[in-house]
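Data block below; observations after.
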Amino acid sequence: MSEPKEIEFEYSRLVVPFGPIHPALKEPVHFKVTVRGEEILDVDLVLGHAHRGIELLAQERNILQNLYLTERICGICSHTHTTCYAQAIEEVKGIQIPERAAYLRALIFELERVHSHLLLLGVMAYEIGYDTLFMQIWNMREAVLDLFEEVTGNRVHHSMNVIGGVRWDLTPVMALRVSRVADGVEDAQRRIRTAFMDRTVKKRLVGVGVMSRADARASCLVGPTARASGLTMDVRKDDPYAAYSELKDDYSVVVSDGMDAMARVDVRVRELAESVNIIRAILGRLPPGEIRLKESPMRAVKVPEGEAVSRVEAPRGELIYYLRTDGNEGLRRLKVRTPSQANFAGIRQMMVGGELADVPVILASIDPCMSCTNRLTVVDEGAGRQMNVGLDELRRRRASTS
Amino acid sequence: MTLAVMFPGVFVLSLLYSGFDRKLHARMQRRVGPPLIQPFYDFVKLMNKERIIPAAASPSVFVTVTALAAASSMLGASVLMTNLVMEASFVGDIMLVMYLVLMTAALTMIGGSSSGNPYGAIGFSRRVGMLLGYEVPMLISLLIVSYRSGLTLSFYDMVAAQSIADVVLAFSPGAALASLVFALCIPAAAGVVPFDIPEAKTEVAYGYLIEYGGPYLGLLKLAKEVTNFTLSLLFFTLFIYAPQSFPVVSAYNEWVNLLFILVGALAVYMVTITLPRTLFARMKLGQALRFYVWVWALSLVSAGLVMVGY
C-alpha cells in the first residue's frame, strides 16, 4: 500500500498526520493524509503502534493457555476469537461439542454482535459531533454489558468458551433476563434507526466513502463493510458453525446497495434486529443436555499433531484462524486474519477525493479494530528510517536474545 | 473605574454561564454532568499548569495572543455591563464591542496558525470561512436595530429607545427577521456544534487550539466563554429587553432589572448555544457555508423590510 510517490512540490499541499494519537481514533494507527485545502489527494497507512507479538507468544504457550491469549486479541469481540480458536482445536482433536453448548456459543456470539454494533454506532455519532446520540446508544450498550456480567461473570472478556463446550449454563432466570434485554435492544434499534435518518446525520454520511460492488470484491472486503457494497457474504450462512446451521431460517443476511458510509451504518442497524431474532430463536429452542464434554484439563491439552482452518463471522466480518498443533500440548503456528486487516485494503479507495472532514466518518464506517491488525514497525529516529519487521527478523532477534 | 470593577464580574458570570451550559447539556444527555463551578476549577487548574511552547511555533505571537484575546473579550463584555449599570454610554460602543468580539476570534486563529501545527493551519482556514459566513449578517442585524432605535450607534441608547417605545424587537414584524439572523449567527460565533468546524475534535483535533495547554489554554477558553456571554447578553438586551413590557420587573429598582437581564441572557445562552450543540450533528464547512448563504439572504430581506417601514 505504501510505495513512495513522486509528489511535485505544491505550496497548498499539506500532509496532515492523522494519528497515532488523535481524538477520532480510539486506538493507535497512523494515516498520512495529503490534502489540498479540504480535499484529500492521497492517504497512506502506517500500522504497528500496538504490536503485542501474540502469534509468536501463542507458540510458547500450551493449548489451554492460548484460549485465554486469543481472547485478549480484541476487547470487543473476545468471544469471537475464542470460538474460532476452540473450533480449530476441536477440529484437530476430532470432537463434537454438545448441542446445548453450540446454542450457547451462538447466543453469546449474537449478544456480542449487538454490543459491538452499538459501540460502533455510538462512535459514529461521536465522530460526526452528535454527542447526544452517542450517549444514548452507549447507555443501551451498558445494558448488554451488564447482561454479559450476569450470564458469564465478565463484561468484556467473557471466558465463556472452553475446549469442548462452554463454561456456564443458562438458567431459566437468566434466559428471562436475556429476553428482556433483547426487547430493550429491539426498542433501541428502532430509535437509533430514526436518529440516523435525521437530516443533519444524513448530511454527513450519504455519499461519503463510496465503495462500489466491484471494488469491494476486488479489495476483498468482508463483513458489514462488504455487505453495504452489495456483496452477499456471511460466514454464518455460507459456512455455518456453532448452532447456526439450525438457526439459518430465523434470520436473513442484511445487504444494502448504498455503498457509502450511510449504507454501512444502515446495515449494522438492521443487523441489530436480525441478532435479536437469532437470540429469541435460541432462547425458544435451547436444547437440554450437557454444556461441555467431561474432560479434565490435563486431557484437554492432549491434542494430536495436525492443522486446521476455522472461520467465524465476527461483528466486523470474517475472522480466520489457521493453526498447526505440535502434538505436544503446544502450537507450532497460529495465524490470525482479522476482519479489520481485510477491510483496511479499501481505506484508500474510500478516502481519496473526499474531504478532510470525512476521514473520521469513513474510518468509523469500516469499524476498524487497530490492535487486531498490528505488525511491528521499528523507527530509527536518528537515521530517519522506518522499517517493518517481518517474521524472519523476529526469529533472528529472538535467537540472539535467548 | 466601573469598567475595572466589571472585569471580575464578567469573569465570574461567564464561567458560571458556561457551568450552566455544561450541566444542562449533560442532563439532556442523561448524564449527571459536572458541578456548576467546574469552569472555575478548570481555570485554576490550567493556570497552575506548566507552560509549553512548541519548538515549531513563533513564541512571541503564540503567547501574546492568548492574553490579548482574553483581555479584548473581557473588555467587550465589560463595556456592555458598564453601560447597563451606569445607564449611560458613548457613541459607537456597539461597534467597539463587535470589533472586540471579532478581534478575539481573529487572535485565537492567529495563535493557532503560529503554532506550526498543520491542524492549527487547517483550523485557521476553516475559521476564515466561517467568519465570512456569520460576521456580516450579524452586523447587518445590529444595524437594523440601530436604524429602528433612531440611527444611534450607542448601546444604551438602543436599549433605551426600545424601552421608551415599549417594543420587543424580536416580536416586531421587521426586526423579528433581524433577531432570527442574529440568533442563527450565535452558534457559529460561539463555535459550538453544528458549527464547531474550525475546532472539530474528531476531524482536526481542536484545530487552532491544538498546541495550547496550561495557562495559555486557560486564557483562550476564558476568551471563548466571555465571548459566548457577550453574544447572549447582546441578543437579550437588543432584541427582547424592553422593561415596560415586563411590568413585574420594571416596578423594582435597577438592580432587579439587571438581574432580569442576566437571567434573560442565560436563557438566550441555553437556547442558542446549549440546545444546538445537544440536538445536532456537526456540519461540514461547505454545508455550513451554504446554510449561511441563506442567513445572508435573510439578513438582506430583513434590512429591506425595515427600510420600507415595517
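So you know, we letter chains A, B, ... as the sequences are listed, proteins then strands, and number each from 1.
Both the backbone and the side chain of A:F18 come within contact range of chain B, judged by heavy atoms closer than 4.5 Å. Contacts of B:T278 with chain A are made by both backbone and side-chain atoms, with heavy-atom separations under 4.5 Å. A:N139 touches chain B through its side chain: at least one heavy atom from C-beta onward sits under 4.5 Å away, while N, CA, C and O do not. Residue B:L279 touches chain A through its backbone alone, counting heavy-atom pairs closer than 4.5 Å. In this structure, the portions of B:A205 lying under 4.5 Å from any heavy atom of chain A include both its backbone and its side chain.
Within a 6.0 Å radius of OH in B:Y206, no more than 12 heavy atoms belonging to other residues, nucleotides or ligands are found.
Ranked by heavy-atom pairs under 4.5 Å with chain A, the list B:R126, B:R31, B:R30, B:M28 is led by B:R126.
Residues of residues 355-364 of chain A that come closer than 4.5 Å to chain B, counting heavy atoms only, are A:E355, A:L356, A:A357, A:D358, A:P360, ordered by residue number. Within residues 116-132 of chain A, the residues that have a heavy atom under 4.5 Å from a heavy atom of chain B are A:Y126, A:E127, A:I128, A:G129, A:Y130, A:D131, A:T132, listed by number.
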Practice problem: Start with the C-alpha gap between A:R204 and B:K284, add the side-chain angles, then the distance that decides, and say whether side chain to side chain contact (heavy atoms under 4.5 Å, CB included) holds. | Solution: CA-CA 7 Å; A:R204 292 303 305 269; B:K284 288 197 248 180; 3.4 Å; yes
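Contact of the A:K203 side chain with the B:M283 side chain is registered, since non-hydrogen atoms from C-beta on lie closer than 4.5 Å.
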